Amino acid sequence: MPAPAASPAGGRWCPASGRARLRGPGRTGRGARAGRAGGAWIIPSVNQAGDCRVTQDELKALVGQAALRYVEPGGIVGVGTGSTVNKFIEALAAMKDQVRGAVSSSVASTERLKAIGIPVFDANEVEELAVYIDGADEIDGGGHMIKGGGAALTREKIVAAQSRRFVCIADESKLVPVLGNFPVPVEVIPMAAARITRQFAAMGGQARLRLKDGVPIVTDNGQHLLDVSGLKIAQPLAFESEVNQWPGVVTVGVFAHQKASVCLLGTPSGVRTLDF
Ligand SMILES: O=C[C@H](O)[C@H](O)[C@H](O)COP(=O)(O)O
């Protein structure tokens with residue numbers, strides 16, 4: 001294989017595609033900082049084997065790092081939940097002395113934030129946040145999302161609702177034309193689960209109780225989760241409004257009322273910024 005050409009920022013490009021070439025897993029952290037060239041963010045490193053493929057994990061790290069520029073120095077940042085947000089939290093460690101603290105959307109993120117020395121405030125202690133940074137299971141071209149694959153949807157929606165700006169960070173696999181391929185998570189009061197399952201069946205959806213080791217998952221709020229497949233959500237706002245008013249629904253994992261303002265989408269050629 002011919003040696004890759006150097007990019008303007010010192011990175012290297014796949015000859016055929018012009019894509020940034022990345023090192024293998026683990027090389028995007030220390031010693032491999034993202035740079036900017038020709039409007040696209042790249043990782044200035046190259047796989048020794050000449051492999052142009054980029055792992056999903058590397059794309060998550062790329063957008064986690066890119067999200068730092070939305071964090072206001074001296075402010076309190078809203079922090080979501082999930083594997084992409086974990087990359088953001090890792091990146092945030094580098095500027096932990098520049099933020100007052102965070103409002104977190106889950107016990108898991110709270111633990112990670114505290115572990116790197118960032119104070120975590122209760123949502124009730126903070127009136128408004130400038131920015132909320134979180135991942136998504138799916139995002140459409142209008143910034144509407146499905147969220148809750150990590151069971152944190154209710155607290156995520158609460159923190160998103162008190163934030164002026166929602167910055168979604170995701171790898172490119174999450175961008176879809178219409179929401180619904182990913183089963184929609186719905187947090188429910190356990191005694192209402194069977195009736196809500198029937199209500200989804202009436203609209204063509206199959207709801208399944210989320211289990212772990214054969215027992216229902218219990219959320220941070222002490223409730224259960226349904227995952228609903230078979231839906232195509234062409235009108236996310238109407239869908240969210242409808243399902244959220246069913247008795248026993250705590251939160252539906254469609255984020256249309258709290259949609260993204262910006263999405264940083266990780267692609268092999270860099271971070272694409274989508275404004276909504
Ligand atoms: O409950 C979890 C959240 O909504 C996550 O933001 C979502 O599931 C995406 O997670 P990940 O970044 O791990 O794909």
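No hydrogens, no waters, no symmetry mates; every other heavy atom, side chains included, goes into these values. Note that the coordinates shown come from a computational prediction; the quantities given were computed from them, not determined experimentally.
Taken together through direct or relayed side-chain contacts under 4.5 Å among Ile, Leu, Val, Met, Phe, Trp and Tyr, Val262 and Phe276 form parts of separate hydrophobic clusters.
Atom NZ of Lys114 has 12 or fewer heavy atoms from other residues, nucleotides or ligands within 6.0 Å. Counting non-hydrogen atoms of neighbouring residues, nucleotides and ligands closer than 6.0 angstrom, the CG atom of Asn221 exceeds 12 such neighbours.
The shortest distance between side-chain heavy atoms of Asp134 and Val159 does not fall below 4.5 Å. Between Gln162 and Glu128 there is no side-chain heavy-atom pair separated by less than 4.5 Å. Looking at heavy atoms from C-beta onward, Val85 lies in side-chain contact with Val79 at the 4.5 angstrom threshold. Residues Val249 and Val186 have side chains in contact (heavy-atom distance under 4.5 Å, counting atoms from C-beta outward). Counting only heavy atoms from C-beta outward, the side chains of Leu231 and Met203 approach each other to under 4.5 Å. Gln206 is not listed as a side-chain neighbour of Phe200, based on a closest heavy-atom distance of 4.5 Å or more. Within the 4.5 Å cutoff, side-chain heavy atoms of Leu153 are placed close to those of Leu225.
From Glu240, atom CD reaches atom CE of Met145 across 9.5 Å, with rounding to the nearest 0.5 Å. Rounded to the nearest 0.5 angstrom, Leu265 CG and Thr273 OG1 are separated by 9.0 Å. Interatomic distance, Lys157 NZ to Gln258 CD, rounded to the nearest 0.5 Å: 6.5 Å. Residue Thr81 holds its OG1 atom at 10.0 Å from CZ of Arg112, rounded to the nearest 0.5 Å. For the atom pair CD1 (Ile118) and CZ (Arg100), the distance works out to 13.5 Å, reported to the nearest 0.5 Å. Interatomic distance, CG of Leu274 versus CG of Leu175, reported as 6.5 Å (0.5 Å rounding).
Remark: the Glu172 side chain and the Thr267 side chain contain no N/O donor-acceptor pair separated by less than 3.5 Å. Side chain to side chain, Asp57 and Thr55 fail the donor-acceptor criterion of an N or O pair below 3.5 Å. Side-chain N/O atoms of Ser104 and Ser109 include no donor and acceptor closer than 3.5 Å. Thr251 and Glu187 are not linked by any side-chain donor-acceptor pair at a separation below 3.5 angstrom, with hydrogens and angles left out of the test.
With sequence neighbours excluded, the residues that form a ring-ring contact (aromatic ring centres under 6.0 Å, His included) with Tyr132 are Phe166. Applying the side chain to side chain contact (heavy atoms under 4.5 Å, CB included) criterion to Asp140, with sequence neighbours excluded, gives His144, Leu179, Pro236.
Annotation: side chain to side chain donor-acceptor pair (under 3.5 Å) contacts involving residues 209-218, sequence neighbours excluded, comprise Arg210-Asp227.
Contact check on Lys174 versus Glu138 returns no salt bridge, with no Lys/Arg side-chain nitrogen under 4.0 Å from an Asp/Glu carboxylate oxygen.
Looking at Lys87, its side chain never comes within 3.5 Å of a backbone N or O of Val63 through a donor-acceptor pair.
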